[in-house]
Amino acid sequence: MARMVVDPITRIEGHLRIEAVVENGTIMDAYSAGTMVRGFEKILKGRDPRDAWAFTERACGVCTTVHALASVRTVEDALGISVPKNAELIRNLMFCTQYVQDHVVHFYHLHALDWVDVVSSLSADPQKTAQIATSISSWPKSSPKYFAAVQDKLKAFVASGQLGIFANGYWGNPSYKLPPEVNLLAVTHYLEALEWQKEIVKIHTIFGGKNPHPNYLVGGVPCSINTDEVNAINMDRLNYVGSLINGAIAFVEQVYIPDLMAIAGFYKDWAAIGGGLKNYLAYGDLPTRGYGQPDYFKFARGAILDRNLNEVYPVNGRDSQEIKEYIEHSWYSYSSGEASGLHPFDGETEFNYTGPKPPYEQLNVEGKYSWLKTPRWKDHAMEVGPLARLLVSYAKGSTEVKDVVNEALGRLGVPITALFSTLGRTAARGLETRLVAHWMKDFYDELMAQIKTGELSTFTRDRWEPSTWPATAQGVGLTEAPRGALAHWIKIKDGKIDNYQLVVPSTWNASPRDPKGQRSAYEASLIGTHLANPEQPLEILRTIHSFDPCIACAVHLYDPEGKHIHQIKFE
Amino acid sequence: MTESAGHLLVLGIGNVLMGDEGVGVHVVRHLEQLDVPPGVELLDGGTGSFLLLDPMQRARKVILIDATLDGNPAGTVRRLTPRFSRDYPRTLTAHDIGLKDLLDTFYLLDHPMNVVLFAISIAPLQGIGMVLSPEIEARVAEFAQLVLREVESASRPDPQENGLESLASAQDDSR
């Protein structure tokens, strides 16, 4: 059987390698390997818990804010701190900002070119593109002249051959199904989205002081509200935030969602491809009555097994029998043995690299083959991410979520089971962006109402001083990164960090097999997928990118004897 | 956010959790302790990819400092003027793709970027940790001086640097 290796997977953040066993053009088995060592846990031991957020923020260049949020929540959970209402609202605004920016960038800049053929757009009729654009959206930039000008610009880029993003595609692959006019529309919005995404993240700078590494604070948020003060969150800044939110709603409603629906309409076959696991996990987020009351989160918390939407199981991050990490196929060792699973409170991070010296052709997938540990919920392999979030909220009966999901399913004329797929994952990301953009406005309005009543508090000093802490404490900070369920666990001893563990979303999705041989989400999702052209693993990229991987990556292809037949490098 | 349109951006890139990989950020932190001429913004860019588009675009010129795995002895510094992603030297970590892509992105946005890159060679397979290796640590002040010299020469007007070609631009006139 042919082993196809995709290393690195491009247009993702981090390092990821996929090895796929291919027979007659169909993927029979797959292995996902994180090729970059992690080990922030070692850096944090012995430090002040109140500083941990600033270190975890560096875990990822994209998800800086969510790691900071998980970290301050972990410490607050351990010490029993509840943040003021304004701090909850501002944290929610930061959270929503990241979602909207990150999901738009993912759709247009990291994922769209798996579905959109740039070269085909060069032969589009701009007049027809304008007709399509105005038929699906009221977005003003839609004249034939505008699309013609963009097309001329694209021709220059493609002809120059100098821009990597346009030079390294599988253009012309028969799996591309969009008419040239829709391709032109999507590429045009690729360019518009680049400009737009720069604006929305200014909200991070306003509330967090700086970007790309905004400030967080145990006990609240580090900004003070004073409507007349130049250096505080004043009226000018608040009004600016309001206008950025309105701009985000307009872009999502008039550009992202119409494009997503238009593109999805041509790829309905992908509603039956790439489903993979049948279990979904969401920690939930966006509290409205405090972090301690998950029943009032906008995104619900829970687990779904075997795609049964009639039952949602409760999830408890503190229960040592629920979440465990395994290392049988990961380059770590546990003092309790290879096959044991450890709850993150008792997690260990001892490196044990047994792999080949890079560069190598193939990993030994019978043994250890990844730097990612393998997390399990009650020993089930779980998918996390936008699809898991929407399914859990849907199954728990959230009216807002149900309305948005049902409307989209109705427009595409597909049943809810269509969500269990590559297309479903990509659609879920867009639909939750729509929800989040509007929730953001609600949080903003609520913050303004608080300020009008004179409630300006953003921080509580309760238990700030280590002298008020118990000798030992432990806590868990659960959140939802754009890519899925994210949690930090802390043990505090004598005012210092005694143990700190992170379980990130891509660990759930991209991890290697567990000791029972159960595959995680990436590996499971690739099985059965047919490749139109085995030299071009476009279909692998579609499914892997639908998860929005946050570990960077490669494609290697192997023939039936395991001989390396092809490696695609992306510069 | 108050710099004028003509300011210089000194941008340190890298992950400070990964030893020498974060040398670019260490150099920027060192510069923060020195007298830097007015009109120069120092930014710890981390591995920020698309989040760096705006600060870079607002600058007249960007001086990047980044670690590279180009096979040269650790501590080798090369001054490069990458124009496209393919001109960018090989790096190891998560910012491999994001930052390279940004260089191309400036062309897409009709804003070709005037970039000087100080690429500092590091040894492969760095351990996790926040401290630099002794051979890189000993050179941080020297790297900072190189950057300062670049800042000074960039502060002098140079007519040739305004000659970057711009690819055809698309204007929306539908409104």
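Below, chain A is the first sequence line, B the second, and so on; all start at residue 1.
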Query raised in the report: A:Phe157 and B:Tyr107: which non-hydrogen atoms are nearest, and at how many Å?
Result: CZ-O, 3.3 Å
Query - A:Lys198 NZ to B:Phe50 CZ distance, which is reported to the nearest 0.5 Å - result: 12.5 Å
Report, one line per pair, each donor and acceptor closer than 3.5 Å where one atom sits in a side chain of residues 22-33 of chain B; sequence neighbours left out.
none

Requested in this report: Show the numbers, then the answer: is there a side-chain contact (heavy atoms from CB on, under 4.5 Å) between A:Val201 and B:Asp54?
Outcome: CA-CA 9 Å; A:Val201 292; B:Asp54 185 56; 5.9 Å; no
Report summary line: Rounded to the nearest 0.5 Å, the CG atom of A:Leu194 sits from the CG atom of B:Leu53 at a distance of 6.5 Å
Requested in this report: Counting only heavy atoms closer than 4.5 Å, note whether A:Tyr190 contacts chain B via side chain, backbone, both or neither.
Outcome: side chain
Report task. Kindly compute the distance separating CD (A:Glu195) from NE2 (B:His111), expressed to the nearest 0.5 Å. Result -> 9.0 Å
Query raised in the report: Of all heavy-atom pairs between A:Pro212 and B:Gly45, which one has the smallest distance, and what is that distance?
Result: CG-O, 3.6 Å
Query raised in the report: Between B:Asp44, B:Leu43, B:Val16, which residue shows the highest count of heavy-atom pairs closer than 4.5 Å to chain A?
Result: B:Asp44
Requested in this report: Using a 4.5 Å cut-off on heavy atoms from C-beta on, say whether the side chain of B:Leu51 contacts that of A:His204.
Outcome: no
Report task. Without swapping roles, check the side chain of A:Lys153 against the backbone of B:Leu108 for a donor-acceptor pair under 3.5 Å. Result -> yes
